Amino acid sequence: MDVLKYWVGIDLGSTTTKAVVLGEDQTVLGRGITNSRSNYDVACAVALGEALINARLALIASTLEAKGFAGRDVEELLARFELLFREQQYRAQLSELGDQLNAQAKRLKVADAVHESVGAIIPQMAEESGALFTPGARRKSDFFRDLAGSRYLALAEEVGREKGASFDVLAGLFDKAILEVENSTQAVGTFDEHGRRALEGLGGDHPELQAAVETVLAVDLQQVASVGTGYGRQRLPFPEAMIRSEILCHGLGAHHMFPGTRTVLDIGGQDTKAIQVDEHGIVTSFQMNDRCAAGCGRYLGYIADEMNLGLHELGPLAGKATRKVRINSTCTVFAGAELRDRLSLGEKREEILAGLHRAIVLRAMSLLARSGGVSEEFTFTGGVAKNSEAVKALHTLIEENYGERTINISPESIYTGALGAALFALHEALKTEGAAA
Amino acid sequence: MANDARTNVSKDLSQERQKRMIAEHFSKLARAPDEGRACAYTFVPGNLTELLNSFDVLPVLPEINALQSGMRGKSRDYIGLAEKLGHSEDVCTYVKCDLGMLKSGNIGPTGERLPDPNLLLLSYTGCFTFLKWFEILGQEYDCPVVMLHVPYQGDGKITNSMRKYVVDQLRNKVIPQLEEISGQPYDEDRLKEMLARSAQAEDDLVYVLESAKNKPSPIDAYFGGVYYIGPIFTAFRGTQDAVEYYRELRAEVEERVKLGKGPITPEGEMEEEKYRVVVEGPPNWTSFRQFWKMFSDEGAVVVASSYTKVGGVYDDGFRHDPSRPLESLADYCMGCYTNLNLPSRVDMLVRYVEDYQADGFLINSVKSCNSFSAGQLMILREVENRTGRPGGFVESDLVDPRYFSASNIKNRLESYFQMIDQKRERGRKSGQGD
Amino acid sequence: MEERMSTSASCLEGHAALVAEAEALWKDYSLTSVREWKKESGGIAIGYMPVYVPRELLWAQNALPVGILGGGDDLEIIRGDAYYQSYICHIPRSTIELGLNGSLDCLDGVLFPATCDVIRNLSGMWKMQFPDKLVRYLDVPQDFDPAMGGAFYRHELQEITESLPGIGGRSYDEDALRTAIQVYNESRQAVADLYDLRRREPWKIPTHELYVLLRAGMVLPPEEHTTMLRAYETAVSDDESRRPMDQARVLITGSFCEQPPLGLIKTLERAGCYIVDDDFVQVHRWIVGDIPVDGDPLGNLVTAYLENSIESPIRYIDDGVKGQGLVERVEHYGAEGVLFCAPSFCDPALLDQPMAVKAVEDAGIPWTAFKYSENSGQFQVIREQAGTFADSIKLWSGE
């Protein structure tokens, strides 16, 4: 049996928990993400489980490639395999959800109509799951809670009305049941189980894939060490020596992604960090926002809620503006009032938004200045790095104030902290080995 | 300046003595109205303790009462009360805490009621808020206020004109006022004796503060330092008690140096000195122990701090001088840390980082105090540039618990210390030719 | 077409043109007019922060005093926030911003008077940031005895006079100082006359115009500024189209350092207030009345500071009752209410306020309070608050 050693980094953030699995040569084997939840251990386990699944999926692909199977057909086949795999995962969790809903319903002694509704909703969701995971289908989220939640609530309204069950009761049941599902590491199932079912689901004859899956299933993934980071790092199930501050992890992670990086900006939900690193990715100075969360990602969240938009829609809408309204305050407390006031004055939504994005980036600019400025190569990470308008404003302001700079944004930027943590796990292991020798 | 944080550990003799001195002082204060003894409210920076004592006038220091209220968990209510009375949430919480205490019966840190002042001695030194503070108290009490304007060292030096201004005010305003409330004539010989004792205690204090140049440092010059400066910053400068306290303290510290011991923290003796840092800015009082623990848990020792210079800078060679009593009081006032301009403050911090071989320096920026805080971000950058050592920045407040976010501060401190670690590791590697 | 143009041009020759000219001078943060003045006169320019510096002293040595009152709501803060925590007022951020973006390059030096700890510390920051410029903290005395505070202050002023020749100013000359005092006496009188006219006929002088004119005085040579003020006075006195309206007469206090945005002043006026007294751009009104020209001119400046300066939160009051000056102003200007209008995080104004409120309340004067920042963009809450206040005053006085 093949043995594959791996090192793990876990980043426990305020909204999501991320895991990165590294191989001995520092290559990323897999990444996993889940929504953070009250039970930190489970959030870590789920994120790691996801990362390991992705690692195995990647191994299947590389096994195929090594045997000379490549090209579009193979890619499509793999994509279909993965979707079927995800559907299996979804169905497993759905079945667990159904059990939990029934258990909660029994415990709370709800009306028969509620029991009947649950009995109708879950099978229907299971039936629809195929459509959810067909190639090209759009899913609003990759988290079970969101995916199942939105459909369940829609059906609860519909079915509940039919059967005379209260929507509120049905929604209440879901809130309790989903916590149980999320807090169980069993619910997601194992790679073995889902992998084989997915293979069956593919139909037809795919001996090369089957062989690759078997090969990968036979690999023994062995965890050597793990390091935790993130806002909730103190509550991670790690010994103290294996915990690193997210500042250090972000610095090292960004360095690994873009080795020329000397300045890192991370705008997350709750905080903004400006970090300077040296040529080895070691942090030389850093600054964080003060106790007020003005100008952080959360602020955009408030604005999105206030405008009744999705967070991802803000940037593109702001991008349509031909001028900007000047916003002098990015205080989250006043965000709503300021916005309504401006709208009532007849300012256009996109122009206000363009101004807001600039204001947020201006806050970040002052943290960057405090930390030592913006060097030749700069990496932008965190949720706000996905926002096209924020990125545009950042480009403009950096160029105006520091001149031409290379600005890196990785599509995997959300994993920067976890990647840094995994690198620390690897370094730590090497150091111990070195000491032993 | 604080007397109750180290209750868990075995007490040194000096500590016992300090406790006794403070208790005695507050009991004197409690008896003062009955015994007909005058007392003056005044401030720590630019305090004229020897002069007051030479008239047998007892000093009361509202700043100390406020920080004690913070440590005793009373400040939240006091501040709330002052805000209810119309004071802005934006302004200094020492003022609001003091006012809230006054409006709640003026019960001091020992549980005894503080006497009303016979004089508000407004030594306007290094802090604009002092001026407003005693204007506010002036409305509460029926007593004279005497303003001693201590000019700021805008150009980083004390000129003859500045000195003359202060001495003139001492001679023509402060002393006559003290004569009046005490009923005693000015006795310069008595003052000189006190100043001589001050200088003696100051020598020993400087020894103690500078002992932190040893590795490991036998003291924590910030969290521990606030205890060491207590007597000399408050009611005891120039007294025999203070002379003995500092002699005793010095002997204790000498002993620790000889044994190669580290500082005592609330958790006991620090085993390993992992980081040496210089700290700028006052501490937070409402979570003082928690804040200290965030350092000691990491093995971080503060080897020098600017806060322990607010009531007088002595490690630059200044001593109270009996041969020029009023002049040296004037120089003392003008030399207090918050009366120095920003370039001088930067110079001092750079010197500390270098002389005390610190790994870096940290700023605790408090919301209440613009005198300290306005410009600290520039100080941070300047010191970083000049020493090449990393600066860190945390924010809190003096006595407003609403402004102490433990998780936020801990997060930054941890990141900061881990950063130093990582740099060191890298340094070692490159030292090995890696 | 041509006729119409000339008509509108002649309209603009009146007060509107003056206000427009003043506003252009104020809003030109790069100080073009100061640069031009330096070129033409061969003089130097010395900036000063609020609240008070004796401008006569500078002017006497061919140094143009240039008031630095922050960047208002026009300036986007890009670098200034890197220097200040969120709990510090706004004016030092915009001032640093102006310094760093080169707007203040034409200043040969800056004076930082003893207004508060923030302005005080800014003097040290300026020293570090601009080591080649003259930077001075001007410690104005809080002791008002001529032999003590007076002697000290005189020495402070002497040091300024001695520092100017080294950077291109003329050397100190008593006659030149006498002339400068006369020039500023005229300036003070012109300002006082406008305030007096506004007191009598507030409809003639909207505060949002008066304010703009005062700001022009931050950059103009004093004689030119006086000419501008006198021209405005004549123009508005002649303008019969400005008629009284039913507005409440209010006095504003607390805005002596960081200035409110013009939008805030307009908001108050639109909300139904006649502002009949205020403490905006206060350097113009710090000294009350003329400073004697004869005798020892430096001594006269000192005496004026000690004896004839106004009551202010930044000035220690050693005798008399706190807030008494404010109550007297309310009476003198016929105000019906007081608006405490202070910048956020302004220690002097906000620490003073409860004492002043007490004095105002004891005198039975209605009051209300709010805070602003020089770059506030939203006045909806203030509009409602001031409107309600004005309405209640009118109801009250109508009874």
Side-chain angles (χ1 to χ4, degrees), chain B residues 82 85-88 90-92 95 122 124 126-129 131-133 135-136 138-139 145-149 151-156 159-162 164-165 168-169 172-173 338 340-346 365 367-379 381-382 395 397 403, chain C residues 82-89 92 96 112 114-125 127-129 135-139 141-143 145 147-149 151-156 158-159 313-314 316-318 321-322 342 344-355 357-358 369 371:
Chain B
L85 292 169
H87 288 267
S88 168
D90 291 357
V91 302
C92 174
V95 179
L122 202 187
Y124 170 48
C127 165
F128 180 82
T129 297
L131 193 156
K132 307 314 290 180
W133 193 340
E135 280 182 352
I136 292 167
Q139 295 201 327
V145 188
V146 61
M147 150 66 88
L148 172 69
H149 178 196
Y152 181 66
Q153 289 199 38
D155 282 335
T159 64
N160 287 333
S161 158
M162 289 159 73
K164 180 176 183 302
Y165 179 35
D168 284 352
Q169 292 178 85
N172 301 322
K173 283 198 302 194
T338 47
L340 307 181
N341 72 359
L342 260 66
S344 306
R345 283 170 62 184
V346 169
S365 176
K367 170 191 170 277
S368 272
C369 184
N370 283 341
S371 179
F372 259 108
S373 301
Q376 271 175 333
L377 285 162
M378 190 167 182
I379 291 179
R381 194 168 334 155
E382 288 285 321
E395 290 173 283
D397 187 46
Y403 283 86
Chain C
Y83 289 78
Y84 286 102
Q85 303 90 319
S86 57
Y87 52 77
I88 288 173
C89 60
I96 279 272
F112 295 83
T115 296
C116 69
D117 294 334
V118 173
I119 302 276
R120 184 196 73 182
N121 287 7
L122 184 57
S123 73
M125 293 167 75
K127 272 181 194 280
M128 292 191 276
Q129 193 76 47
V135 178
R136 238 196 107 82
Y137 177 69
L138 173 61
D139 212 346
Q142 296 288 1
D143 175 279
D145 184 311
M148 296 190 284
F152 168 74
Y153 186 48
R154 187 183 178 102
H155 194 267
E156 285 283 294
Q158 266 164 351
E159 286 191 351
I314 65 160
Y316 176 63
I317 303 225
D318 61 348
V321 180
K322 187 81 198 172
S344 293
F345 303 108
C346 175
D347 275 351
L350 293 171
L351 284 162
D352 199 73
Q353 194 168 296
M355 295 182 278
V357 162
K358 186 175 178 299
K371 290 187 291 189

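First the proteins, then the strands, lettered A, B, ... as listed; each starts at 1. Just so you know, these numbers use all the heavy atoms, side chains as well, and skip hydrogens, waters and symmetry mates. Remember, predicted model here, so these are calculated numbers, not experimental data.
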Discussion item. I'd like to verify something: which residue of B:G375, B:S344, B:G86, B:P343 has the highest number of heavy-atom pairs under 4.5 Å with chain C?
Written reply: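 Top count of heavy-atom pairs under 4.5 Å with chain C: B:P343.
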
Fill in: Pick from B:N341, B:V146, B:N370 with the largest number of heavy-atom pairs that fall under 4.5 Å of chain C
B:N370

Are any of the side-chain heavy atoms of [X] and [Y] separated by less than 4.5 Å?
{"X": "C:D139", "Y": "B:Y165", "answer": "no"}
{"X": "C:R120", "Y": "B:S371", "answer": "yes"}
{"X": "C:L350", "Y": "B:H87", "answer": "no"}
{"X": "C:Y316", "Y": "B:L122", "answer": "yes"}
{"X": "B:E135", "Y": "C:L351", "answer": "no"}
{"X": "C:Q353", "Y": "B:S88", "answer": "no"}
{"X": "B:R381", "Y": "C:Y83", "answer": "yes"}

Given heavy-atom pairs under 4.5 angstrom as the criterion, report whether the side chain, backbone, both or neither of [X] touches chain C.
{"X": "B:Y124", "value": "side chain"}
{"X": "B:D155", "value": "both"}
{"X": "B:Q139", "value": "side chain"}
{"X": "B:L148", "value": "neither"}

Worksheet item: What pairs with C:N121 under side-chain hydrogen bond (donor to acceptor under 3.5 Å, both in side chains), at least two apart in sequence or on another chain?
Response: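 For C:N121, no residue satisfies side-chain hydrogen bond (donor to acceptor under 3.5 Å, both in side chains) once neighbours in sequence are set aside.
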
Worksheet item: Quick check: does any side chain N or O of C:K127 sit under 3.5 Å from a backbone N or O of B:L342, one acting as donor and the other as acceptor?
Response: no

Worksheet entry | Expected output: side-chain C:Q142 to main-chain B:M147 donor-acceptor under 3.5 Å | no

Worksheet item: Can you name the ring-ring contact (aromatic ring centres under 6.0 Å, His included) partners of B:F128, sequence neighbours left out?
Response: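 So B:F128 forms no ring-ring contact (aromatic ring centres under 6.0 Å, His included) with any residue.
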
Fill in: Gap separating the OG1 atom of B:T159 from the NE2 atom of C:H155, nearest 0.5 angstrom
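The OG1 atom of B:T159 sits 6.0 Å away from the NE2 atom of C:H155.
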
Practice prompt. Mind checking the CE-CD spacing from B:M162 to C:E156? Nearest 0.5 Å is all I need.
Written response: 7.5 Å

Discussion item. Taking C:D145 first and then B:K173, would you say they form a salt bridge - that is, a charged N and a carboxylate O separated by under 4.0 Å?
Written reply: no

